[in-house]
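Here's the structure we're looking at; comments come further down.
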Amino acid sequence: MPGPQRIVCLTEEPTEVLYAIGEQDRIVGISGFTVRPARARKEKPKVSAFTSAKIGEILKLEPDLVIGFSDIQADIARDLIKAGIEVWISNHRSVAGILDYIHRLGALVGAGGKAVALARAAEEKIRQVENAAKTLPRRPRVYFEEWDEPMISGIRWVAELVRSAGGDDVFPELAEQSLARDRIIADPREVIRRAPDIVIGSWCGKRFRADKVAARDGWTAIPAVRDGELHEVKSPIILQPGPAALFDGLDALHRIVARWAQRVQ
């Protein structure tokens, strides 16, 4: 069997991809935040959070590859590299990047064909949703919020999926910023000015509070608040840059958009 045999996944998306392409036996450790697939939590030891990891426990697993995501895991990667472990930190932030990630991870473990099939299925899913979105009578303006204190708008792949689902992100200029600190909305009144028809919350690690959002100063003037269009999409299916976002996350967005579009006819 070519490629790495003992892989530790510091985030959910490599775990999800490896299970989806039938290469889960290579995984020896996962992130404690992993929820997809559900069986992974029962089968694999949990050795990391997102910004921290049990370095000693990881080393005991004798991995020949550790896979992580983004600059946020730079310190974990540094410590593992110092210990002589090979580390791959991906940093994709777009739908195209997610698809490319699936291809690269599949090739890395010698399962390129199965990864190509998974990526093609995701591309077909996106096409189907985009075609359905084209039949909607109108497009809503959407404010997607990743965090509430401070307010952080959606990352690029989320904004792209909102568009595929039939909506338009009200902060497209912020979506281009890869770092969360660069997507902070310093003035909550700016959301009022941009007048979203729908507000979607996905507060990573805690439940979205629609009542708390509606109570923000002056926000009763926002169409989404006035019309009760405050919705939650669970973070595991939209804020992980892996297959979940392209399938379940996109479906969740489209359901919200389609209900709004039909309601306001």
Side-chain angles (χ1 to χ4, degrees), residues 1-55 57-59 61-81 83 85-122 155-158 178 204 234-249:
M1 187 166 62
Q5 306 299 306
R6 300 183 61 80
I7 299 174
V8 168
C9 301
L10 299 177
T11 53
E12 182 176 87
E13 62 276 1
T15 299
E16 186 180 12
V17 171
L18 290 171
Y19 268 87
I21 63 176
E23 297 294 330
Q24 65 273 8
D25 289 348
R26 299 173 186 265
I27 302 173
V28 296
I30 63 172
S31 163
F33 288 120
T34 300
V35 296
R36 293 171 59 98
R39 57 182 283 208
R41 293 188 62 82
K42 302 175 183 178
E43 298 175 346
K44 309 295 182 180
K46 294 174 271 300
V47 294
S48 72
F50 190 47
T51 58
S52 63
K54 302 173 183 176
I55 301 298
E57 295 301 310
I58 292 175
L59 296 178
L61 294 171
E62 298 182 345
D64 50 12
L65 179 66
V66 174
I67 302 175
F69 173 72
S70 88
D71 52 285
I72 296 175
Q73 295 192 321
D75 290 343
I76 301 172
R78 178 200 61 208
D79 292 343
L80 290 168
I81 291 168
I85 303 298
E86 185 171 341
V87 179
W88 175 32
I89 298 293
S90 63
N91 208 23
H92 52 290
R93 306 296 176 118
S94 65
V95 169
I98 296 172
L99 294 168
D100 182 61
Y101 175 79
I102 294 170
H103 283 283
R104 286 188 290 157
L105 182 51
L108 190 62
V109 299
K114 290 184 286 187
V116 167
L118 176 59
R120 285 178 177 168
I155 198 166
R156 180 176 169 181
W157 73 76
V158 172
S178 63
C204 190
K234 298 293 187 180
S235 58
I237 66 168
I238 195 65
L239 294 184
Q240 300 280 4
L246 306 185
F247 290 97
D248 292 356

4.5 Å side-chain heavy-atom contact, F69 and P241: yes
Minimal non-hydrogen separation, P236 against A244, with atom names: O-CB, 3.7 Å
Heavy-atom pair of closest approach, residues I238 and V158: O-CG2, 3.8 Å
Validation row: S48, E57 side chains within 4.5 angstrom (heavy atoms): no
Under 3.5 Å: donor-acceptor pair, side chain of R41, backbone of T34: yes
Any L246 side-chain heavy atom under 4.5 Å of L99 side chain: yes
More than 12 heavy atoms from other groups under 6.0 Å of CD on E86: no
Any pair counted as ring pair (Phe, Tyr, Trp, His ring centres under 6.0 Å), so long as it reaches residues 15-49, sequence neighbours left out: none
Partner residues of E16 under the salt bridge (charged side-chain N to carboxylate O under 4.0 Å, His left out) criterion, sequence neighbours left out: R36
Note, S31 side chain near L10 side chain (heavy atom, < 4.5 Å): no
Validation row: V66, I89 side chains within 4.5 angstrom (heavy atoms): no
Residues, nucleotides or ligands: over 12 heavy atoms within 6.0 Å of R120 CZ: no
Contact summary for P45 and V28, nearest pair of heavy atoms: CG-O, 3.0 Å
Q5 CD to L65 CG distance, which is reported to the nearest 0.5 Å: 11.0 Å
From Q73 atom CD to S70 atom OG, the distance as rounded to the nearest 0.5 Å: 6.0 Å
Nearest heavy atoms of K54 and K46, plus distance in Å: NZ-O, 4.0 Å
E43, CD: over 12 other non-hydrogen atoms inside 6.0 angstrom: yes
Spatial distance of atom OG (S90) from atom CD1 (I98) [nearest 0.5 Å]: 10.0 Å
Separation of I76 CD1 from I85 CD1 (nearest 0.5 Å): 14.0 Å
Non-hydrogen side-chain atoms of R26 and V109 separated by less than 4.5 Å: yes
Rounded distance [0.5 Å steps], SG in C9 versus CD1 in I30: 8.0 Å
Sidechain-backbone polar pair: Q24 side chain, T15 backbone, donor-acceptor under 3.5 Å: no
W157 side chain to A96 backbone, donor-acceptor under 3.5 Å: no
Donor-acceptor contact present, side-chain H103 to main-chain A119, <3.5 Å: no
Non-hydrogen side-chain atoms of L105 and P14 separated by less than 4.5 Å: yes
Among V47, I58, I7, I27, side-chain contact (heavy atoms from CB on, under 4.5 Å) partner for P63: I58
R93 and I155, any side-chain heavy atoms less than 4.5 Å apart: yes
Side chain to side chain contact (heavy atoms under 4.5 Å, CB included) evaluation trace for D25 with L18: CA-CA 9 Å; D25 289 348; L18 290 171; over 6 Å; no
Spatial distance of atom OG1 (T11) from atom CD1 (I67) [nearest 0.5 Å]: 8.5 Å
K114 atom NZ, over 12 foreign heavy atoms within 6.0 Å: yes
